[in-house]
Amino acid sequence: MYKLSNLINDLENVLQKTVGIEPISLRISNNPNFDFQINNLVKFQNHKDIKNIENLFSEIINNEILIKNFEITDTYFVNLEIDIDQFSNSFNKIKKYIKVQHPETVLLDYGGPNIGKPLHVGHLRSLNIGRSLYLIYELAGHNVLSDIHMGDWGMPIAQIITYIEEKKINFESIDIEDLEKIYPKASKLYSEDNKFNDLAQANNKRLNENDPKILKKWRKLKKISTKSIKETLETLNHNFDLWMGESDVNYLIPGMIQKLESEGKISLDDGAYVSNFVSDPKILITKSDGSYLYLTTDLATVLNRIKLNKIDKTLYIVDKRQNLHFEQLIKSLNYFGFGDEEYRHIAFGTINDLNGNPYKTREGDAKKLIDLFKETSLQIEKINSDLDSETNKILTNTVLTFSDLKTNRMTDYKFDLNKFTNISGKTGIYVQYALVRAKKLLKSSSINSSNINLKVSDLDENDLNLIRGLIKFEYYFNLALKNNEPHHLADYLYELSNLFNTMYQNENILENKEESIKLNKLKISEHFISYSTLLMECLGLEPVEKM
RNA sequence: GCUCUCGUAGCUCAAAUGGAUAGAGCAACAGACUUCUAAUCUGUAGGUUAUAGGUUCGAGUCCUAUCGAGAGCGCCA
């Protein structure tokens, strides 16, 4: 924690001189009387110098002005209570405290949507998690780039084009509805009909060889698809810095293959290039007819990115079923020596229906995101028909985002629209409501809360609980940043909202006859508003003004 | 067949690197509105963390086995 970094350093120095290098981490205290705890001493409880260490710790902590009270238990848990009086002037500097010391350039690859397929429920988590990580990294001071990374190349495209050719469909009149119907039919035919399969393979090869006739058709399809995807993204309040696709790196592949072969990193196996890196299963780089695979384009994409920008870290926000692919990709990047940047697969689980099966429409197709949006919007309208359309839209996106981000990303979870739009419970609606209440409170008070100074001696239990909740911001922010896990912040936002509601509900603040108590509560509300707003920013939620 | 992931309250989910008494929400039950917005709040109840062993000061977390669930396995992405 920023404000306590000197304390942590001093304590680490003590440990280094006695038991060796031992990085200290501050955790949230289990004991309700304290704010933070340090567990590092527990494992040294039988160490010969433990009494000495305990004394040194006590002395150092005693001198820390930010610590009001502390204890070292007989099992050597160190519990710390923050001095709110000393801490309270830090609340409005939180944005400064969460900045990292060494900013990096971070690229987020969304393993994006495919041409011909609409954005569907399967894309929701990648969008939500990606956007949240983008905002978290940005708030931490990093340089962030997002790339939708369209699936605009390879077999699926060849299948669609082949289908259109075979069925003699007029290319000029095709719209997005046609395209979305063609895709599943083409892919079905591809797996069932050998002749169609051959034709599609041939088209794929032509595509890779940049045959102008097929490229023209491809361009047309890409344009239709991109337009539709952009519309949906706009509704869902998502956007991207880069709209690169697999097609953008096609031209790099022949040179890449040649170079890898001459370096002895890959070799032919039944006509296909295979990595010489020993692994099971073997890593296939190209198909036996020379055409390219998922991995081929992903490798070339990295080469392309290195060429265009200096990137320190690449995060692939793609579902966990593609684990093997990214394992192979990262192994290959290292083995081929494509730069020493950091690459990570930010995997996530699937969204399932109430029976635990992948979320589908009644017809068995993947459910379109735009339809999910409409259904959710309708549900919110049913609950409150007085909302203007803009507020309804923001609340709809809040529901679709918060319900998604509150679960650990690796967990498969069940999407339950009724539950997620429920008027009570741990929902996006709830956190919005708490913030609206707080803002209305300050407005009704007609007092400029920035001029208020907290009077700590007059704080009651509810006030203290909320303030001590606010102190944990850095902890949860860093946890989310370090582990690429936004759900910690979603959970924390609920916790703060709940603490605020408890304070708010307990008594009528504006009618409190004790002026200092009233002012205290207004000041705390002001802090809550700024923290809640900041957390919403981290999660990609837009606050509503009324609801 | 091989590899990987998972199993926590009736249900849906938390619990960073192993740390103190495993926490929330929903549902259930009992209370609080002539209101600063009750889309809220307070309280009660709910657990042998799938099972059996092991590692150690300490295990939901690590190891082994068993049972159960899911996913992935060169020429889709």
Side-chain angles (χ1 to χ4, degrees), chain A residues 23 25 27-31 37 39-40 42-46 73 75-77 79 111 114 117 151 153-156 159 187 190-191 201 246 269-275 280-289 291-295 297-298 318-325 327-328 347 349-350 352 354 356 383-384 395 406-408 410-414 416 418-427 429-430 432-434 436-438 440-445 475 478-480 482-483 485 487-488 491 494-495 498 501-512 521-522 525 546-547:
Chain A
S25 60
R27 327 182 109 200
I28 304 293
S29 181
N30 288 347
N31 186 327
Q37 66 181 46
N39 297 346
N40 299 67
V42 181
K43 60 177 147 183
F44 299 112
Q45 59 184 266
N46 294 325
T73 68
T75 45
Y76 296 97
F77 285 95
N79 289 315
N114 288 354
K117 268 204 242 177
W153 204 247
M155 276 318 300
Q159 289 168 15
S187 119
Y190 179 79
S191 57
Q201 296 280 1
E246 296 172 347
D269 185 342
D270 289 337
Y273 278 107
V274 172
S275 172
D280 182 34
K282 281 197 247 177
I283 301 174
L284 192 64
I285 306 293
T286 69
K287 301 209 282 191
S288 46
D289 69 352
S291 58
Y292 310 142
L293 291 157
Y294 190 16
L295 188 60
T297 44
D298 265 2
V318 181
D319 85 84
K320 67 183 179 189
R321 286 172 299 186
Q322 297 189 33
N323 230 320
L324 182 61
H325 168 74
E327 206 180 288
Q328 292 187 333
T350 53
N352 294 331
L354 296 180
I383 295 164
N384 185 348
L395 288 179
K406 77 172 179 182
T407 306
N408 183 322
M410 287 301 276
T411 307
D412 298 335
Y413 76 91
K414 294 181 179 172
D416 184 341
N418 285 326
K419 202 173 90 183
F420 292 163
T421 52
N422 200 340
I423 53 172
S424 59
K426 195 187 275 189
T427 64
I429 301 288
Y430 179 96
Q432 289 276 16
Y433 180 66
V436 166
R437 272 180 144 182
K440 183 72 186 302
L441 174 66
L442 281 196
K443 218 170 163 187
S444 311
S445 74
Y475 172 83
N478 288 329
L479 191 58
K482 186 179 168 200
N483 298 334
E485 290 175 342
H487 76 278
H488 299 291
D491 210 51
Y494 174 80
E495 185 188 320
N498 185 226
N501 270 333
T502 302
M503 180 188 86
Y504 179 94
Q505 189 80 23
N506 189 52
E507 60 178 276
N508 190 313
I509 294 167
L510 295 183
E511 285 175 14
N512 196 311
K521 287 177 186 288
L522 290 174
S525 301
K546 58 179 193 303
M547 61 185 279

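Because the structure is predicted, anything quoted here is derived from the model rather than measured. So that the names make sense, note that chain A is the first sequence line, chain B the second, and so on, each numbered from 1.
The distance from atom CG of A:Asp491 to atom P of B:A15 is 8 Å, rounded to the nearest whole Å. One can place OH of A:Tyr292 at 18 Å from C1' of B:G74, the figure rounded to the nearest angstrom. A straight line from CD1 of A:Ile28 to P of B:A14 spans 19 Å, rounded to a whole angstrom. At whole-Å resolution of the value, CG in A:Asn498 and C1' in B:G23 are 13 Å apart. A straight line from CG of A:Leu510 to C1' of B:U37 spans 13 Å, rounded to a whole angstrom. The nearest whole Å value for the distance from the CD atom in A:Gln159 to the C1' atom in B:A77 is 10 Å. Rounded to whole angstrom, the span from the OH atom of A:Tyr413 across to the C1' atom of B:U8 amounts to 20 Å. Spacing between atom CG of A:Asn506 and atom C1' of B:C36 amounts to 13 Å, rounded to whole angstrom units.
Side-chain atoms of A:Gln322 lie closest to B:A77 of the nucleotides B:A20, B:C36, B:A77. In this structure, of B:A20, B:A14, B:G25, it is B:A14 that holds the atom nearest to the side chain of A:His487. Residue A:Leu324 has its side chain nearest to B:C73 when only B:C73, B:U37, B:C76 are considered. Counting only heavy atoms from C-beta on, A:Lys43 has its side chain closest to B:C57 among B:C36, B:U12, B:C57. Relative to the side chain of A:Thr411, the nucleotides B:C13, B:G19, B:U37 differ in distance, and B:C13 lies closest. Taking every side-chain heavy atom of A:Asn46 into account, B:C57 is the closest of B:G19, B:A39, B:C57. Nearest nucleotide to the A:Thr407 side chain, out of B:C13, B:U42, B:C76: B:C13. Relative to the side chain of A:Tyr190, the nucleotides B:A77, B:C76, B:C75 differ in distance, and B:C76 lies closest. Comparing B:A16, B:C75, B:A77 by their closest approach to the side chain of A:Asn483 singles out B:A16. For A:Tyr504, whose side chain is taken as the heavy atoms from C-beta onward, the closest listed nucleotide among B:G19, B:C76, B:U37 is B:U37.
Side-chain N or O atoms of A:Ser525 include none that pairs as donor or acceptor with a backbone N or O of A:Ala438 at under 3.5 Å.
Annotation: side chain of A:Arg437 is in contact with side chain of A:Gln505 (closest heavy-atom distance under 4.5 Å). Side-chain atoms of A:Met155 and A:Ser291, non-hydrogen and from C-beta on, never get closer than 4.5 Å to each other. Taking 4.5 Å as the limit, some side-chain heavy atom of A:Asp491 sits within range of a side-chain heavy atom of A:Lys426. Counting heavy atoms from C-beta on, the side chains of A:Glu246 and A:Tyr294 come closer than 4.5 Å.
Taking side-chain N and O atoms only, A:Asn323 has no distance below 4.0 Å to OP1 or OP2 of B:A71. In terms of phosphate contacts, A:Lys287 brings a side-chain nitrogen or oxygen within less than 4.0 Å of OP1 or OP2 of B:C76. Dashed line: the shortest gap from a side-chain N or O of A:Lys482 to OP1 or OP2 of B:A16 is not under 4.0 Å. In this model, the phosphate group of B:U42 is approached by a side-chain N or O of A:Thr502 to a distance below 4.0 Å at OP1 or OP2. For the pair A:Asn30 and B:A20, the criterion of a side-chain N or O lying under 4.0 Å from OP1 or OP2 is met. Phosphate proximity of B:G74 to A:Lys282: absent, as no side-chain N or O sits under 4.0 Å from OP1 or OP2. Regarding contacts with the backbone of B:C36, every side-chain N or O of A:Arg437 stays at 4.0 angstrom or more from both OP1 and OP2.
Rounding to the nearest 0.5 Å gives a distance of 12.0 Å between CG of A:Asn506 and CG of A:Asn501. If you take CH2 on A:Trp153 and CG on A:Asn114, they are separated by 14.0 Å, rounding to the nearest 0.5 Å.
In this structure, A:Leu293 reaches the sugar-phosphate backbone alone: every heavy-atom distance under 4.0 Å involves primed, P, OP1 or OP2 atoms, never a base. Contacts of A:Asn384 with the nucleic acid, taken as non-hydrogen atoms under 4.0 Å apart, include base atoms. A:Gln201 comes within contact range of the sugar-phosphate backbone alone, with a heavy-atom separation under 4.0 Å but no base atom that close. Within the 4.0 angstrom heavy-atom criterion, only backbone atoms of the sugar-phosphate kind lie near A:Glu246; the bases stay farther away. Counting non-hydrogen atoms under 4.0 angstrom, A:Met547 reaches a base of the nucleic acid. Note on A:Asn352: nothing from the nucleic acid sits closer than 4.0 angstrom, heavy atoms only. Among the protein residues, A:His488 comes within range of the sugar-phosphate backbone only, with heavy atoms under 4.0 Å from sugar or phosphate atoms but none that close to a base. Within the nucleic acid shown, A:Tyr76 has no heavy atom closer than 4.0 Å to any nucleic acid atom. Using a 4.0 Å heavy-atom cutoff across all strands shown, A:Thr73 reaches at least one base atom of the nucleic acid.
B:A24 and B:G31: their P atoms are spaced 24 Å apart (whole Å). Between B:A22 and B:A39, the distance separating the two C1' atoms is 31 Å to the nearest Å. Rounded to whole Å, the separation between the C1' atoms of B:C73 and B:A27 comes to 41 Å. Rounded to the nearest Å, the gap between the P atom of B:C62 and that of B:A16 is 11 Å. Here, B:U17 and B:C13 have their C1' atoms 23 Å apart, quoted to the whole Å. Rounded to whole Å, the C1' atom of B:U64 lies 30 Å from the corresponding atom of B:G23.
Across all strands shown, B:C33 forms no Watson-Crick or G-U wobble pair with both distances under 3.5 Å. Checking B:G47 for Watson-Crick or G-U wobble geometry (two distances, each under 3.5 Å) identifies no partner in any strand. Using Watson-Crick or G-U wobble geometry with both donor-acceptor distances under 3.5 Å, B:U56 finds no partner in any strand shown. When both distances must be under 3.5 Å, the Watson-Crick or G-U wobble mate of B:G70 is B:C4. Both distances falling under 3.5 Å, in either a Watson-Crick or a G-U wobble arrangement, place B:G23 opposite B:C13.
Residues A:Tyr494 and A:Leu479 each lie close to RNA chain B; by heavy-atom proximity, the contact nearer the 5' end of the strand is made by A:Leu479. Of the residues near RNA chain B, A:Lys406 and A:Gln37, the one whose nearest nucleotide (by heavy atom distance) lies more toward the 5' end is A:Lys406.
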Please lay out, stage by stage, how A:Asn79 and A:Gln37 fare under the test side chain to side chain contact (heavy atoms under 4.5 Å, CB included). CA-CA 4 Å; A:Asn79 289 315; A:Gln37 66 181 46; 3.5 Å; yes
Taking it one step at a time, do A:Ile285 and A:Leu295 satisfy side chain to side chain contact (heavy atoms under 4.5 Å, CB included)? CA-CA 6 Å; A:Ile285 306 293; A:Leu295 188 60; 4.1 Å; yes
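Between A:Tyr430 and A:Tyr494, the ring planes are tilted. Angles from 30° to 60° get that label.
Counting distance only, with no hydrogens placed and no angle test, the side-chain atoms of A:Arg321 and the base atoms of B:U5 include no donor-acceptor pair under 3.5 Å. For B:A77, its base never sits under 3.5 Å from the side chain of A:Asp298 at any donor and acceptor pair.
In this structure, A:Tyr430 forms no aromatic stack with the base of B:A39, since the conditions of centre separation below 5.5 Å and plane angle below 30° are not both met.
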